[in-house]
Structure formats: structure tokens, C-alpha cells
Amino acid sequence: MFKIDGSEIYLYDIIGPTWAGYIGAEDVISALAENKGKRMTIRINSPGGSVDEGIAIYNALSRHAGGVDVVVDSVAASIASVIALAGSSVVMASNAKMMIHDPWTFAMGNAGELRKTADVLDLYGNGLVDIYKKKSGLGESEIRDMMAAETWLSAQEAFAKKLIDGIDGETDIQPQVPKGMHAHVPSDVVQNTIAAGTRTRDIAKINNRIAALKGRSI
């Protein structure tokens, strides 16, 4: 779900190209343009998705003249965790989760082509490290270790590492993490559906959309 409600923008879905049915940079840039100069609250419940679309969203939020505040309502995983850091203030619900990990992609070809793909992933990863480092002040080696391990953080852990600025009350919003999208999802994070408000989507369709996402993803 992508929704604008007054001064709030809801990012409650996979991040990816708008044409493919995901939440894309086009959606966010258009919403910000309609609210030029107005302070906005970005509410996130997303498992991540395309790095390219996510970085474009991060940059759009960072340069919004009115400023943005981010609230993680349930999950900010992968590139959604990067988008969250665009806020002048970043707050998580006390029972929300954040996850960071190395970028990955689909690839095929000969050995030389696969080595080139690995080099491109390293380039993307370096950019993500810079964003996490800028927000938290953590050392590069610690961030890289966390990314390599696919690290899931509670709100309290994210706050301790200065990835967020504050913790809010509990939420009963269902986490949006499709089954099989990430390798090490905590047992308390629901993986079989994506729920947006009262809408629940068919997981087979979601998995088909994930398989169709050919850009670099995290």
C-alpha cells in the first residue's frame, strides 16, 4: 500500500518500480511535490526491495524542503531501513524491527560476467555503508559485519546503535515480510502475508512479483 493521508505518507509494501506494482520513487516524488514546503511524516512497514528505487526515495526525502520525520510502524527491512534514515527524526514503535544486510541480485552468465556482477554489488554495498555510517556514527567494520550477517534489530537495539532517534509505543500493525524474501527472519515476524490496513494479499502473487524484480535488491 502506498497512501497519502494529509501530511503522512505510508510506505507499506515492497520497494520497486511503480510500473511493476511496487512502491517506487515516482510515487514518493509526486507526493512530495504535491506537499512542497510542508513537513511530512513517512510511515514505514516494508520488507525492502530494489536498491535503485530505494536510494532514489532516500534522496527525495532527504532533499524535501519541508523536512520529513520517519516512523517505523512495524518493519523497516533491507532498503526500507535506508529509506528510514532519510528522516530528520527517526522513531520506531517499541515492538518494531529494523534489518540491514548486504545487497543481492539475480545473475547469470559466464565466470567473467558473474565477477562483474559481484563488483557491482560491492559498489552498491559501499554506498549503503556510507548511509548507515552517516546516521549512526558506527565504525565501518561494525556496519559491514552487521550487513554480512543480515542483522535484525529491535527498536531498543537500533536506538542503542543510534540508527534511530527515539522509540514510540507498541503497534499492532502486522509486519509486511513475504515468506522466503529474507534468510534469517525472527520467529516473531509474520512471513506468510502482506497486510495493508484491512487488505491481505495472496502470497503466491507476492512471491511471483519478487521473482520478477530484476534490479539489485536488499
Side-chain angles (χ1 to χ4, degrees), residues 1-4 7-18 20 22-92 96-105 120-138 140 143-144 146-147 150-151 153 158 161-166 176 181-182 213 215-218:
M1 175 184 72
F2 174 79
K3 183 176 77 171
I4 307 169
S7 62
E8 295 186 322
I9 297 175
Y10 288 76
L11 307 183
Y12 272 37
D13 204 340
I14 295 169
I15 306 301
T18 303
Y22 301 100
I23 295 176
E26 179 182 336
D27 298 312
V28 176
I29 290 170
S30 177
L32 294 175
E34 291 174 6
N35 291 276
K36 187 175 181 179
K38 183 177 181 181
R39 193 165 191 87
M40 303 296 290
T41 297
I42 312 301
R43 309 193 75 96
I44 297 177
N45 185 14
S46 171
S50 165
V51 174
D52 291 326
E53 290 291 327
I55 292 298
I57 292 172
Y58 170 87
N59 288 334
L61 296 176
S62 296
R63 66 174 177 260
H64 179 59
V68 299
D69 300 300
V70 171
V71 180
V72 179
D73 283 334
S74 188
V75 169
S78 306
I79 198 62
S81 70
V82 173
I83 293 171
L85 302 190
S88 299
S89 68
V90 185
V91 173
M92 288 177 65
K97 298 286 192 299
M98 178 177 283
M99 185 271 275
I100 72 173
H101 68 167
D102 284 331
W104 60 271
T105 190
V120 172
L121 287 176
D122 285 341
L123 181 64
Y124 275 77
N126 291 341
L128 301 179
V129 168
D130 289 342
I131 292 173
Y132 291 126
K133 185 176 178 180
K134 178 181 177 182
K135 175 63 180 180
S136 68
L138 293 173
E140 181 174 330
I143 294 171
R144 289 189 181 278
M146 291 171 63
M147 291 173 63
E150 185 183 304
T151 300
L153 302 165
K161 292 187 178 296
K162 299 183 180 179
L163 286 165
I164 64 172
D165 305 303
Q176 299 206 75
M181 186 169 182
H182 298 303
L213 188 60
R216 280 80 187 175
S217 303
I218 69 168

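Atoms CD1 and NZ, on Ile143 and Lys161 in that order, are 9.5 Å from each other to the nearest 0.5 Å. Atom-to-atom distance recorded for Met147:CE and Ser81:OG is 8.5 Å, nearest 0.5 angstrom. Considering OH of Tyr132 and CZ of Arg144, their distance stands at 12.5 Å, rounded to 0.5 Å. Considering OH of Tyr22 and CD1 of Ile15, their distance stands at 11.0 Å, rounded to 0.5 Å. Residue Ile44 holds its CD1 atom at 5.5 Å from CG of Leu11, rounded to the nearest 0.5 Å. Atom CD1 of Ile131 is separated from atom CG of Leu85 by 7.5 Å, given to the nearest 0.5 angstrom.
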Original post:
Stepwise, does the side-chain contact (heavy atoms from CB on, under 4.5 Å) test hold for Lys162 with Lys135?
Top reply: CA-CA 7 Å; Lys162 299 183 180 179; Lys135 175 63 180 180; over 6 Å; no
Subject >> Audit row: Met40, Leu32, side-chain contact (heavy atoms from CB on, under 4.5 Å) steps and yes/no >> reply: CA-CA 8 Å; Met40 303 296 290; Leu32 294 175; 4.3 Å; yes
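Looking only at distances, no side-chain donor or acceptor of Ser136 sits under 3.5 Å from a matching main-chain atom of Leu163. Thr151 contributes a side-chain N or O that, together with a main-chain N or O of Met146, makes up a donor-acceptor pair within less than 3.5 Å. No side-chain donor-acceptor contact under 3.5 Å links Ser78 to the backbone of Ala80.
Contacts of Ala25 classified as side-chain contact (heavy atoms from CB on, under 4.5 Å), with partners at least two apart in sequence or in another chain: Ile29, Glu53, Ala56, Ile57. Not counting sequence neighbours, the partners of Ser30 by the side-chain contact (heavy atoms from CB on, under 4.5 Å) test are Glu34.
For Val72 against Ala96, the heavy-atom pair with the smallest separation is O-CB, 3.8 Å. The nearest pair of heavy atoms linking Asn35 to His64 is O-CE1, 3.3 Å. The minimum heavy-atom distance between Met98 and Ala84, with the atom names listed, is CE-CB, 4.4 Å. In terms of heavy-atom proximity, Leu61 sits nearest to Ala86 at CB-CB, 3.7 Å. For the residue pair Gly49 and Ile79, the shortest heavy atom distance occurs at N-CG2, 3.4 Å. Summarising the geometry of His182 relative to His101, their closest heavy-atom pair is ND1-CE1, 3.6 Å, with the distance given to 0.1 Å.
Results of the side chain to side chain donor-acceptor pair (under 3.5 Å) test with Asp69 over Ser89, Ser88, Ser7 single out Ser89 as the only residue that passes. Checked against Val68 for a side chain to side chain contact (heavy atoms under 4.5 Å, CB included), the options Val90, Ile42, Thr41 give a single hit: Ile42.
Annotation: Glu26, atom CD; neighbour count of heavy atoms from other residues, nucleotides and ligands within 6.0 Å does not exceed 12.
Donor-acceptor pairing under 3.5 Å is lacking for the side chains of Tyr124 and Asp102. Using modelled atom types, one finds a donor on one side chain and an acceptor on the other under 3.5 Å when comparing Tyr12 with Asp73.
Using a cut-off of 4.0 Å between Lys/Arg side-chain N and Asp/Glu carboxylate O, Lys3 and Asp27 are scored as not salt-bridged.
Residues Phe2 and Thr18 have side chains not in contact (no heavy-atom distance under 4.5 Å, counting atoms from C-beta outward). Residues Pro47 and Val75 are not in side-chain contact: their nearest non-hydrogen atoms beyond the backbone lie 4.5 Å or more apart.
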